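Numbered from 1 within each chain, the chains take letters A, B, ... in sequence-line order. Just so it is clear, the structure is predicted and the values come from calculations on it, not from any experiment.
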Amino acid sequence: MNTRTGPDTGEVDFGRRVLVLRHRRIAVRLDWRSVVVCAVLALAAAGMAVLALMTGSYQLSPGQAISALTGGETGLVHDIVVEWRLPRVAAALVFGAALGVSGALFQSTLRNPLADPGIIGFTQGSYTGALIVILVVNGSYWQLVGGALLGGMATAVVVYVLAYRRGVQGFRLIVVGIGLAAVLDSLNTWLILEADLKVAMAAAAWGTGALNGVSWNQVLIGGACIAVLLLLAAMLSRPMRQLELGDEAAASQGVRVSTVRLGLIVVGVALTATVTAASGPIAFISLVSPHIARRLARTAGTTLAPAAFVGALLALAADYIAQHVAPTPLPVGIITVMLGGGYLGWLLFIEARRRL
Amino acid sequence: MRLPGPRRRRLACLVVALVVLLALLMASMMIGSTAIAPSVVWDALFHPTADIDHFAIRDYRMPRTIVGLVVGMALGVAGALIQALTRNPLADPGILGVQAGASFAVTVAVGVLGVRDISGYLWFALAGALIVTLMVLTLGSTRRGSSPVVMVLAGVCVGAVLGGVREVLQATNPDAFDAMRSWNAGSIVGRSLDLVWPILPFFAVALVLAFAVSGPLNAMALGDDLAVTQGVRVTRTRVLAIIALTLFVGGATAIAGPIGFVGLMVPHVARWIAGQHQRWIFAYSLLLAPILLLASDILGRIVMRPSEIPVGIVTAFVGAPVLIAMVLRKKASGL
């Protein structure tokens, strides 16, 4: 969105230093600044993780937390760290990364910095699918995942089809998405209204996006799905960058435009839906992460890896705030709504004012 | 034979709308868990006895119908006002987050301060509506005037944040959660008329203000600069319009909870019938909005019998497709 070089700033772009990794016939070119940014973010996330593992009603020292991770502790400390706190930390990291990448995919595909699966209804669709499974079928975890995926995908298809008119244009898609999100929101409200109070409160708490009560099982299943999807996203990232130059330019470089775009949207929705199924909708991380990543890495287009690291760090930090800083433990989605909404407001105030 | 002129057509349509509204008022009294004959409705209203049907009408259906009428009128004119004020065809007190502001403030009043009666939280609803209106107007204005889509996004964003915080308050307070659950969906069931009387003076003031600024708003439709050359005091008009808007939305939300899309759809139909004159748009909105609201409410009673769908949910199901259709229309595709 904003590059530091170019005609506006009067600077000359000499290109950027790249790191080339070669192994036999495979070569990977990595942007130096992105690599450094990712490393720093990873360090920050690790520090945050240790802090999260230490903090709680039973306070531990950093040494205890780390040695529990490496297998040096037994008994209570081991149980607290590995069985209780680690799943939640791992979930925040994995799900946050997934949301960050999902947001980057949407923003790149729709060529709109404000595109977010929560604003354009995909999250609400996943929530509707999951709610129907909880309230109507009373299903298992796998059915929940299936419902969320199905709901998210169906919403994406409807939004895409409705907004399609000789190509999908960003703003039209966003307003169509807002309309559909409103319908789904009220459908969700109604489903909760019809349910009995206990189930409704549980469903509503889940609906705010919570990481308490995540088990290893969920983290591993969700993590496996997310790993596969992230791999697909990485494979699509090169044609994605070419698409950012415009459909014609990309097509002239041999990119199959509509296939790639469809693939990007499917991967993006699947990432959102997987997280929604496991933790409920965690808002705004997918919107904010790519922005922060782009600012840190100072890239012109979208970069997936920094967005993933920012997402992971943000989710973990938000969950820490929700658990330990707030006066009563809250669902993490509340914190991300407040932080992310504030950021979006600021973004509208600064950026949209300048650009639109 | 003379062809009807625009003025005559406007008046004729107004009469038709009035008749439809009266018919819907009657239907709203008749239709419910048991159907009640029109003659019984008449007797219940004017010659009441201890009959069980009379009781049902006097204590349940009549208040519900009047609440629907009043809330509908308020939301319709509010929608027309906010669309004129922002020159934004997509503006709606629901989409722009104004209702979210009012309902957030009410949730604070109920959940944190323990306020339980409506006259207590009316003031919260008004304050919430006013603050969010000002926020969204500020956020939505770009250097080249206000942009419809930026304003919608600003409203969605403010609404999302307030909705999130509201959910926290509810999640940590099961009592308030249960009390607010049906209110949050937007409903006119079980509101006694005692809730309506204290709000009527506010609506009356708002209505007078709305018609008072209708002329200047007409002039401002062509842009602020042109309006100034015609002697319109732009800032004063804006302030008065915002006050009217706040009174309408705050009052309606305090009674019925957030009911979206009524304020979006009705002014469009009004403009389609009446042209660009704000005074006529307000007059039509005043009649068409309760028609939409009461029809949605009746629909919500019939579709899922014996259970009911709150009216706010019905209007979302009817209204969102209208929003989508508007965006897809050729004219609006520049958005």
Side-chain angles (χ1 to χ4, degrees), chain A residues 114 118-119 159 162-163 165 169 171-187 189-190 192-194 197 200-201 204-205 207-210 283-284 287 326-331 333-349 352-356, chain B residues 90 94-95 135 138-144 147-165 167-168 170-172 174 177-178 181-182 184-187 260-261 304 307 309-310 312-317 319-328 332-335:
Chain A
L114 300 172
I119 291 181
V159 171
L162 282 176
R165 173 168 296 187
Q169 188 232 0
F171 272 148
R172 194 164 59 223
L173 186 129
I174 286 184
V175 181
V176 168
I178 287 173
L180 209 62
V183 174
L184 290 168
D185 248 344
S186 60
L187 183 63
T189 310
W190 183 61
I192 288 180
L193 190 60
E194 286 291 289
L197 182 63
M201 279 211 73
T208 54
F284 281 114
L287 177 80
T328 50
L330 297 171
I334 303 294
I335 304 295
T336 59
V337 156
M338 290 194 254
L339 296 178
Y343 178 78
L344 178 57
W346 176 81
L347 194 73
L348 283 168
F349 197 72
R353 222 164 227 252
R354 191 151 54 81
R355 286 161 36 85
L356 293 168
Chain B
L90 302 179
I95 296 177
M135 269 172 74
T138 319
L139 283 176
S141 57
T142 58
R143 195 183 278 171
R144 278 188 274 135
S147 146
V149 175
V150 176
M151 197 171 286
V152 168
L153 275 168
V156 169
C157 144
V158 171
V161 175
L162 291 176
V165 183
E167 272 166 19
V168 180
Q170 284 177 8
T172 52
F177 177 82
D178 202 28
R181 184 155 69 133
S182 99
N184 268 331
S187 169
F261 290 105
M304 294 285 286
S307 143
I309 305 177
I313 287 166
V314 180
T315 57
F317 269 89
V322 174
L323 173 73
I324 291 169
M326 271 166 45
V327 182
L328 296 185
S333 64
L335 289 176

**Study point:** Max heavy-atom pair count under 4.5 Å with chain B, selected residue of A:P331, A:S186, A:G341
**Key:** A:S186

Study note, to complete from the structure: Smallest heavy-atom separation, B:A320 atom then A:G179 atom, equals CB-O, 3.3 Å

Point to revise | Heavy-atom pair with the smallest gap, counting every atom of B:F261 and B:A316 | key: CD1-CA, 3.6 Å

Check your understanding: Should B:F317 and B:I309 be marked as a side chain to side chain contact (heavy atoms under 4.5 Å, CB included) after you check the CA-CA gap, both sets of side-chain angles, and the distance that decides it?
Key -> CA-CA 11 Å; B:F317 269 89; B:I309 305 177; over 6 Å; no

Review point. Side chain, backbone, both or neither: which part of B:T315 has a non-hydrogen atom closer than 4.5 Å to chain A?
Key: neither

Exercise for review: Using a cut-off of under 4.5 Å on heavy-atom pairs, state which of B:V165, B:V322, B:L162, B:I313 scores highest against chain A.
Suggested key: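 With the most close heavy-atom pairs to chain A, the winner is B:I313.
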
Point to revise | Residue of the set A:I178, A:V183, A:V176 for which side-chain contact (heavy atoms from CB on, under 4.5 Å) holds with B:I324 | key: A:V176

Review point. Measuring heavy-atom distances to chain B, does A:L162 have an atom under 4.5 Å in its side chain, in its backbone, in both, or in neither?
Key: both

